[in-house]
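Heavy-atom basis, side chains included; hydrogens, waters and symmetry copies ignored. It should be emphasised that the depicted structure is a prediction, and the values quoted were computed from it without experimental measurement.
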Amino acid sequence: MTGDNSTFQKNPNIFILKKALINKTITKLQFDVYMVLLNIPAGKVTTYKNIANIVKCNSSRAIGQALRRNPFAPDVPCHRVVKSDLTLGGFSGSTGNKTVERKLKILQSEGVEFQPLKDKKLEIYHTKVKEEHIWKQST
DNA sequence: GTTGCGGCAGCGT
DNA sequence: CACGCTGCCGCAA
């Protein structure tokens with residue numbers, strides 16, 4: 001193949017992930033999930049459910065579990081994952097406002113925009129990502 | 001080496 | 001709003 005090897009050169013993280021899988025510091029599900037994350041560019045986000053579909057796992061919650069154990073943060077961008085209703089969801093193993101605020105700040109610094117839900121309380125937890133920032137898989 | 005149990009950064013009804 | 005459910009994984013017996 002004359003194919004594109006630049007992916008590997010631009011993402012040395014892939015090499016690190018494979019190594020971690022072989023050394024069994026991460027599970028196969030973690031490996032699959034983290035590989036998906038590496039394809040999400042800054043300024044975009046995806047959902048737990050979307051990742052679950054990609055890695056063929058029927059439990060979005062298991063995805064959250066894999067993310068919370070991410071040993072490679074922030075190189076593996078676990079903060080670019082939100083809930084299906086486009087609200088923020090948890091971060092770093094917690095759903096508390098204080099913790100989630102950190103997630104919000106990181107995403108905003110990457111250019112992601114948010115809109116609060118008017119009919120709900122103006123809490124961070126009810127802040128939604130604008131749809132234009134949802135990551136669409138390239139074919 | 002194996003089995004069983006309980007909890008999880010969510011989702012659907 | 002409250003509950004039940006899913007698959008996965010760490011830890012104790």
Any sub-3.5 Å donor-acceptor pair from [X]'s side-chain atoms to [Y]'s backbone N or O?
X: A:Tyr34; Y: A:Ala66; value: yes
X: A:Lys128; Y: A:Leu88; value: no
X: A:Thr25; Y: A:Ala20; value: yes
X: A:Asp85; Y: A:Thr87; value: yes
X: A:Gln65; Y: A:Ala62; value: no

Of the options B:dA9, B:dG10, C:dC8, whose atoms approach the side-chain atoms of A:Ser60 most closely?
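Of B:dA9, B:dG10, C:dC8, B:dG10 is nearest to the side chain of A:Ser60.
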For the pair made of [atom1] in [X] and [atom2] in [N], what is the distance, rounded to whole Å?
X: A:Gln65; N: B:dC8; atom1: CD; atom2: C1'; answer: 5 Å
X: A:Asn53; N: C:dG7; atom1: CG; atom2: P; answer: 13 Å
X: A:Arg69; N: B:dG7; atom1: CZ; atom2: C1'; answer: 10 Å
X: A:Lys83; N: B:dC8; atom1: NZ; atom2: P; answer: 15 Å
X: A:Asn58; N: C:dG4; atom1: CG; atom2: C1'; answer: 16 Å
X: A:Leu37; N: B:dA9; atom1: CG; atom2: C1'; answer: 12 Å
X: A:Asn50; N: B:dG10; atom1: CG; atom2: P; answer: 16 Å
X: A:Lys49; N: B:dC11; atom1: NZ; atom2: C1'; answer: 7 Å

Hey, is the side chain of A:Thr95 poking within less than 4.0 Å of OP1 or OP2 on B:dA9, counting only N and O atoms?
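Result: no.
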Under 4.0 Å between a side-chain N/O of A:Arg61 and OP1 or OP2 of B:dG10, yes or no?
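No, A:Arg61 has no side-chain N/O under 4.0 Å of OP1/OP2 on B:dG10.
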Contact class for A:Ser92 vs. all strands (heavy atom < 4.0 Å): base, sugar-phosphate, or nothing?
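Since a base atom lies under 4.0 Å of A:Ser92, the category is base.
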Contact class for A:Ser59 vs. all strands (heavy atom < 4.0 Å): base, sugar-phosphate, or nothing?
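Since a base atom lies under 4.0 Å of A:Ser59, the category is base.
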What residues from residues 23-35 of chain A pass a heavy-atom cutoff of under 4.0 Å to DNA chain B?
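Contacts with DNA chain B under 4.0 Å: none.
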Point-to-point distance, once rounded to the nearest 0.5 Å, from CD1 of A:Ile63 to OG1 of A:Thr47:
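These two atoms lie 10.0 Å from each other.
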CD1-CZ distance between A:Ile134 and A:Arg80, expressed to the nearest 0.5 angstrom:
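The CD1 atom of A:Ile134 sits 15.5 Å away from the CZ atom of A:Arg80.
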When you look for runs of 3 or more Watson-Crick or G-U pairs in a row, both distances below 3.5 Å, which of them include DNA chain B?
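DNA chain B forms these stems: B:2-8 with C:7-13, B:10-13 with C:2-5.
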Any carboxylate oxygen within less than 4.0 angstrom of a Lys/Arg side-chain nitrogen, looking at A:Lys44 and A:Glu110?
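Here A:Lys44 does not pair with A:Glu110 in a salt bridge, since their nearest N and O are not under 4.0 Å apart.
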Shared hydrophobic cluster, A:Ile106 / A:Trp135 (ILVMFWY, side-chain heavy atoms < 4.5 Å)
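Shared cluster, no.
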